[in-house]
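Note on naming: letters A, B, ... go to the chains in the order of the sequence lines (proteins, then strands), and numbering restarts at 1 for each one.
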Amino acid sequence: MMLTHFEAMLLFALVTSVALGVLSRRGTAARLWYTAGVFLAFVGIAIAVAWLMYLAVE
Amino acid sequence: MSTPAQFPEPADGRLPPFLVALAGWLVPGLGHLLLRRPGRALIYLLCVGSLAGMGLALGGHIFRLPARGVFEWLGVAADAGTGAFYFLSGMWDGLTSDVSRAVGDYGTRFIVAAGVLNLLFVLDAHEMASRRRR
């Protein structure tokens, strides 16, 4: 199975955010919002850290 | 003729929390299925199964006993959290880990994350079962 680093990160973020959303919130709407927020936080922070590392090396 | 195994069951017909937790650990989602939460059970099974399956497919390393050092012990504890996936992966001969590539190392983290998530699901099932008995 070949995945790029970004694809692996997206899959991890998706599955983990769904699990945390179902686990920690009650009600469909609250779960969806929480899942979306956690997913975006995963991806956004990963991209921000990646840029920081890239700029630090440059 | 053998008699079926008898599990300790409370008088009100509800399953004891430790049995629900044990079932949820062995088969991710089974604890919630026993509590008649099939939707949650399916989501939890898919989450743990997909993470563990992707981790194995990416060539992730599975920590096994005997462990050397604290980090390997933590790895064993986390990986064993996947329950059936951990034990079944030991029987699959074609399984080889390759952490020389970055994706293989990601696979190791996927398997660890699957185990830790399932332990959270087990705690949730135990808490739900305990609340029902009160």
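A continuous path of ILVMFWY side-chain contacts below 4.5 Å connects A/Tyr34 to B/Tyr44, so both sit in one hydrophobic cluster. By the rule that hydrophobic residues join a cluster once side-chain heavy atoms approach within less than 4.5 Å of another member, B/Phe63 and B/Trp73 end up as members of one cluster. Follow the hydrophobic side-chain contacts under 4.5 Å out from B/Leu26 and you reach B/Leu119 in the same cluster. Cluster annotation: B/Ile111 and B/Phe71 are assigned to distinct hydrophobic clusters (Ile/Leu/Val/Met/Phe/Trp/Tyr, side-chain heavy-atom contacts under 4.5 Å, transitive).
Under the 30°/60° scheme for interplanar angles, the aromatic rings of A/Phe12 and B/Phe110 are found to be tilted.
One finds the CG atom of A/Leu20 at 6.0 Å from the CG atom of B/Leu117 (value rounded to the nearest 0.5 Å). Taken from NE2 in A/His5 to OH in B/Tyr106, the straight-line distance is 4.5 Å, to the nearest 0.5 Å.
For the side chain to side chain contact (heavy atoms under 4.5 Å, CB included) criterion with B/Cys47, the lone passing option out of A/Thr16, A/Val18, A/Leu14 is A/Val18.
With a 4.5 angstrom heavy-atom cutoff, B/Leu46 does not touch chain A via any of its atoms.
Counting non-hydrogen atoms of other residues, nucleotides and ligands closer than 6.0 Å to CZ of A/Arg26 gives a total above 12.
B/Arg40 and A/Val22 make their closest contact through NH2-O, 3.8 Å (heavy atoms, listed as atom of the first residue, atom of the second, distance).
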